[in-house]
Number of protein chains: 2
Amino acid sequence: MEPLTEKQQQIFNLIKAALAADGRRPSQREIARQAGLAQNSVYQIIRYLKQKGYLVDLGGHRGVRLSAEYLDSLPPKRGIPIVGQVAAGQPVLAQQNIEGYVEIKDLLGLSDDVFLLRVRGDSMTDEGIMDGDYVAVKPASTAQNGRIAVVLLDDEATVKKVYVQKNRIALEPANRAAGYKTQYVKRTDKDIRIIGNVIGCLRKLK
Amino acid sequence: MEPLTEKQQQIFNLIKAALAADGRRPSQREIARQAGLAQNSVYQIIRYLKQKGYLVDLGGHRGVRLSAEYLDSLPPKRGIPIVGQVAAGQPVLAQQNIEGYVEIKDLLGLSDDVFLLRVRGDSMTDEGIMDGDYVAVKPASTAQNGRIAVVLLDDEATVKKVYVQKNRIALEPANRAAGYKTQYVKRTDKDIRIIGNVIGCLRKLK
DNA sequence: ATATTATATGGTCATTTGACAATATAGTCA
DNA sequence: TGACTATATTGTCAAATGACCATATAATAT
């Protein structure tokens with residue numbers, strides 16, 4: 001966007017400050033008082049701010065707002081920065097190293113019905129799901145074959161790779177070292193229920 | 001808060017809708033037009049809304065805003081439910097199964113300076129950090145011995161268990177199966193820099 | 001039966017507000 | 001020098017706005 005002069009920036013900052021303070025757009029006279037100017041000086045400067053695209057006039061009385069153009073140009077302060085390549089001799093969080101900003105929810109693709117389940121046991125460590133991890137689960141009554149899912153087996157929620165077969169369900173662990181074996185459960189045999197698919201995994205380290 | 005009548009709720013909703021739409025508090029006449037009323041009917045109802053504490057008058061012209069009292073009473077936009085024990089015969093998300101609600105940021109203990117780094121390679125799979133995972137990194141210039149940290153080695157950010165020793169730094173992988181070996185780097189030898197500690201790990205499954 | 005509450009309208013009015021014209025000045029650029 | 005831009009002021013004004021009064025009515029509470 002076209003840069004602002006010092007004075008224009010000052011007035012623009014006053015407007016933003018007032019908006020941040022109480023969500024209320026200050027009148028030209030309020031701004032003028034703070035800046036020690038006459039109302040019409042502010043009017044003139046606002047004309048430039050509109051002209052340069054920082055403000056838009058929605059029409060009607062007192063209809064001037066921050067423009068979408070300006071809001072879009074703001075550094076996306078929300079979310080967590082993702083660092084890509086790290087350039088030599090630069091601080092890690094230097095602008096050039098940052099690939100973008102994300103919300104963790106977006107990153108994991110979390111929707112409203114997703115819940116977290118704390119994993120117990122080490123039966124899925126080969127898939128990077130460790131004891132104590134949280135898995136994000138999207139509720140579903142069926143599971144795609146080979147997907148990691150949560151099933152309720154004898155009142156216990158377990159996380160396994162699930163294969164639905166003819167008359168049974170295979171629950172495949174992922175821990176070769178410990179030698180867990182695939183468990184086959186007949187639908188008629190035990191009380192088994194598929195709860196949902198695991199769509200993410202997260203862990204806090206200390 | 002004292003409940004609103006149907007009409008009061010309607011007007012209040014119109015005000016909230018307009019605020020959500022363009023951040024602009026509608027004038028009484030605008031509201032009246034939408035509701036098919038006279039301006040003064042809206043004025044009366046707004047009187048009630050003020051009286052019941054849903055709106056506050058900041059004073060001055062057109063100074064009415066949503067009250068802090070109302071904003072606080074809003075359903076706390078709860079995060080993601082954490083499911084503990086799953087009771088038999090109950091839907092997973094039944095109230096009794098839910099241990100609580102958390103924001104993922106709180107769960108991972110993320111503060112402002114934390115950033116995400118995408119992990120490349122399988123050198124830390126035994127610690128449940130897989131190729132393609134994101135690790136949350138808290139910037140630090142030193143690392144505690146034995147902690148998983150991010151170091152910058154020859155312009156490449158790598159995730160390893162770090163041990164700072166007398167005149168060298170040991171970078172210990174965690175993948176017995178693949179047979180990665182611990183790497184010892186003399187501080188004088190290579191350009192090595194500790195970037196931060198890994199405080200969390202997250203992964204999206206498809 | 002009476003009082004109160006909530007809704008609703010018409011009339012009116014003082015203020016606030018943004019807009020605009022006219023004008024001035026200092027700095028920059030051609 | 002002259003043109004132009006940005007800043008700044010005074011004076012003025014129409015439109016928008018919220019406030020308040022009087023009034024009406026239906027429902028509800030006492």
Side-chain angles (χ1 to χ4, degrees), chain A residues 1-70, chain B residues 1-70:
Chain A
M1 301 185 72
E2 197 177 342
L4 296 179
T5 67
E6 202 177 329
K7 204 74 197 183
Q8 290 164 5
Q9 189 68 56
Q10 183 202 345
I11 301 300
F12 191 53
N13 287 342
L14 282 174
I15 295 176
K16 285 192 293 176
L19 280 171
D22 59 3
R24 177 179 193 181
R25 241 238 34 232
S27 71
Q28 293 179 1
R29 282 168 179 85
E30 282 172 342
I31 301 168
R33 208 179 321 122
Q34 288 184 62
L37 295 172
Q39 171 252 322
N40 280 316
S41 308
V42 175
Y43 169 70
Q44 298 289 358
I45 291 182
I46 284 181
R47 274 170 56 103
Y48 280 104
L49 290 173
K50 282 197 244 178
Q51 185 188 307
K52 291 189 178 177
Y54 287 78
L55 298 177
V56 226
D57 200 329
L58 299 184
H61 200 52
R62 221 176 164 180
V64 175
R65 292 290 176 276
L66 298 185
S67 74
E69 187 185 353
Y70 165 72
Chain B
M1 302 186 71
E2 198 177 343
L4 296 178
T5 67
E6 201 177 328
K7 205 74 198 187
Q8 290 163 4
Q9 188 69 56
Q10 183 202 343
I11 301 301
F12 191 53
N13 287 341
L14 282 174
I15 294 175
K16 285 191 294 176
L19 280 171
D22 58 5
R24 180 179 192 180
R25 241 239 35 231
S27 70
Q28 293 179 1
R29 282 170 179 84
E30 281 173 345
I31 301 168
R33 209 179 319 122
Q34 288 184 62
L37 295 173
Q39 172 252 322
N40 282 316
S41 309
V42 174
Y43 170 70
Q44 299 288 359
I45 290 180
I46 285 182
R47 275 169 54 102
Y48 279 104
L49 289 173
K50 282 197 244 177
Q51 184 189 307
K52 291 189 178 179
Y54 286 79
L55 299 177
V56 225
D57 200 329
L58 298 184
H61 200 53
R62 222 176 163 180
V64 176
R65 293 291 174 279
L66 299 186
S67 74
E69 187 185 355
Y70 165 70

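Atom set for the values below is all heavy atoms of this structure, side chains included, hydrogens, waters and symmetry mates excluded. Just so we're on the same page: letters track the sequence lines, and every chain starts at 1. It should be emphasised that the depicted structure is a prediction, and the values quoted were computed from it without experimental measurement.
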Say you draw a straight line from [atom1] of [X] to [atom2] of [Y]; how long is it, rounded to the nearest 0.5 Å?
X: A:Glu30; Y: A:Ile15; atom1: CD; atom2: CD1; value: 11.0 Å
X: A:Gln28; Y: A:Ile46; atom1: CD; atom2: CD1; value: 4.5 Å
X: A:Leu49; Y: A:Glu2; atom1: CG; atom2: CD; value: 11.0 Å
X: A:Arg65; Y: A:Leu55; atom1: CZ; atom2: CG; value: 10.0 Å

Figure out the [atom1]/[atom2] separation between [X] and [N], and round it to whole Å.
X: A:Ile11; N: D:dA6; atom1: CD1; atom2: C1'; answer: 13 Å
X: B:Tyr54; N: C:dA6; atom1: OH; atom2: C1'; answer: 15 Å
X: A:Glu6; N: D:dA8; atom1: CD; atom2: C1'; answer: 16 Å
X: B:Tyr48; N: C:dA8; atom1: OH; atom2: P; answer: 11 Å
X: A:Arg47; N: D:dT9; atom1: CZ; atom2: C1'; answer: 15 Å
X: A:Glu2; N: D:dT5; atom1: CD; atom2: P; answer: 12 Å
X: A:Gln9; N: D:dA6; atom1: CD; atom2: P; answer: 15 Å
X: B:Ile46; N: D:dC20; atom1: CD1; atom2: P; answer: 13 Å

Assign each of A:Thr5 and B:Arg25 the nucleotide of DNA chain D bearing its closest heavy atom; nearer the 5' end lies the nucleotide of A:Thr5
Is there a donor in the side chain of B:Tyr48 and an acceptor in the side chain of B:Lys7, or the other way round, less than 3.5 Å apart?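 No, no side-chain donor-acceptor pair sits under 3.5 Å.
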Taking atom types as modelled and ignoring hydrogens, do the side chains of B:Asn40 and B:Gln44 form a donor-acceptor contact shorter than 3.5 angstrom? no
Comparing B:Gln51 with A:Lys50, nearest DNA chain C nucleotide closer to 5' gives the residue B:Gln51
Strand-adjacent residues in residues 26-42 of chain A, judged by heavy atoms under 4.0 Å from DNA chain C: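 Hits under 4.0 Å, by residue number: A:Ser27, A:Gln28, A:Arg29, A:Gln39, A:Asn40.
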Please test A:Ile31 against A:Ile45 for side chain to side chain contact (heavy atoms under 4.5 Å, CB included), starting from the C-alpha separation and ending with a verdict. CA-CA 11 Å; A:Ile31 301 168; A:Ile45 291 182; over 6 Å; no
To check you understand the geometry: which heavy-atom pair defines the closest contact between B:Ala68 and B:Val56, and what is its length? N-CG2, 4.4 Å
Nearest to the side chain of A:Tyr43, heavy atoms from C-beta on, is which of C:dA19, D:dT7, D:dA19?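 That would be C:dA19.
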Quick one: does any side-chain atom of B:Tyr54 pair with a main-chain N or O of B:Gln9 as donor and acceptor, under 3.5 Å? no
Atom pairs, N/O to N/O, protein against nucleotides 22-27 of chain C, distance under 3.5 Å?
none

